[in-house]
Amino acid sequence: MAKEYVGISASEGRAEGKVRWILSADDVTSFEVGEILLAKMTSPDWGELFQKAAAVATEQGGMLCHAAIVAREEGIPAVVGIGEELREIQNGTVIVVDADEGKLVVVGGIP
């Protein structure tokens, strides 16, 4: 059975892709088009990432957090407020972000 992580659906939609953690501004340059953005919370300085990301998921936040608002503006799925268990997912892991249901599902390990 695939591991699921549940949070708040902040921007509807569904996307599948490889995870990329952004922990600081230093990580921004490594982010590639189509990856899933994971973060503790997002920063206004990361605006360009939302244009590259297939979806976003965060440990913290709610419907009015930065990640939720920008994801809705960019039309990408977002699940926020998942909690610290999100840290179990490592860079390169393939996940499905099902923001319609407010969950992430791990579908593949690290390549």
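Values reported hereafter were calculated over all heavy atoms of this structure, with side chains retained and with hydrogens, waters and symmetry mates removed.
- In this structure the side chain of R87 reaches within 4.5 angstrom of the side chain of E59, judged on heavy atoms.
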Do E35 and K52 pass the side chain to side chain contact (heavy atoms under 4.5 Å, CB included) test, and can you show the C-alpha distance, the side-chain angles, and the key distance before you say yes or no? CA-CA 7 Å; E35 289 184 317; K52 293 180 178 179; over 6 Å; no

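- Residue V70 is grouped with residue V56 when hydrophobic side chains (ILVMFWY) are merged at heavy-atom distances under 4.5 angstrom, including chains of intermediate members.
- Of all the heavy atoms in G62 and I8, the pair that sits closest is CA-CD1, 4.1 Å.
- The shortest side-chain heavy-atom distance between E16 and V94 falls under the 4.5 Å cut-off.
- Criterion: ILVMFWY side-chain heavy atoms under 4.5 Å apart, direct or through other members. Under it, I82 and L23 are part of a common hydrophobic cluster.
- Linking ILVMFWY residues whenever their side-chain heavy atoms come closer than 4.5 Å, directly or via other members, leaves I89 and L37 in distinct clusters.
- Between A68 and M63, the shortest heavy-atom contact is CB-O, 3.4 Å.
- Remark: the backbone N or O of A67 is paired with a side-chain donor or acceptor of T42 at under 3.5 angstrom.
- For the atom pair CD1 (I22) and OG1 (T29), the distance works out to 8.0 Å, reported to the nearest 0.5 Å.
- Of all heavy-atom pairs spanning K40 and W21, the tightest one is N-CZ3, 4.0 Å.
- Counting heavy atoms from C-beta on, the side chains of C65 and Q60 never come closer than 4.5 Å.
- Hydrophobic clustering (side-chain heavy atoms under 4.5 Å, transitive across Ile, Leu, Val, Met, Phe, Trp, Tyr) groups F31 together with W46.
- With contacts defined as side-chain heavy-atom distances shorter than 4.5 Å, the pair D45/V28 does not qualify.
- For the pair T58 (side chain) and V80 (backbone), a donor-acceptor distance under 3.5 Å is absent.
- Annotation: side chain of S43 is not in contact with side chain of H66 (no heavy-atom distance under 4.5 Å).
- Within a 6.0 Å radius of CD in E12, no more than 12 heavy atoms belonging to other residues, nucleotides or ligands are found.
- Of all heavy-atom pairs spanning A54 and I76, the tightest one is O-CB, 3.9 Å.
- When every heavy atom of A10 is checked against every heavy atom of R72, the shortest pair comes out as O-NH1, 2.7 Å.
- Between V106 and Y5, the closest heavy-atom pair is CG2-CE1, 3.8 Å.
- Checking side-chain atoms of D98 against main-chain N and O of K103 turns up no donor-acceptor pair under 3.5 Å.
- In terms of hydrophobic clustering, with Ile, Leu, Val, Met, Phe, Trp and Tyr side chains grouped at heavy-atom distances under 4.5 Å, I36 and F50 are assigned to different clusters.
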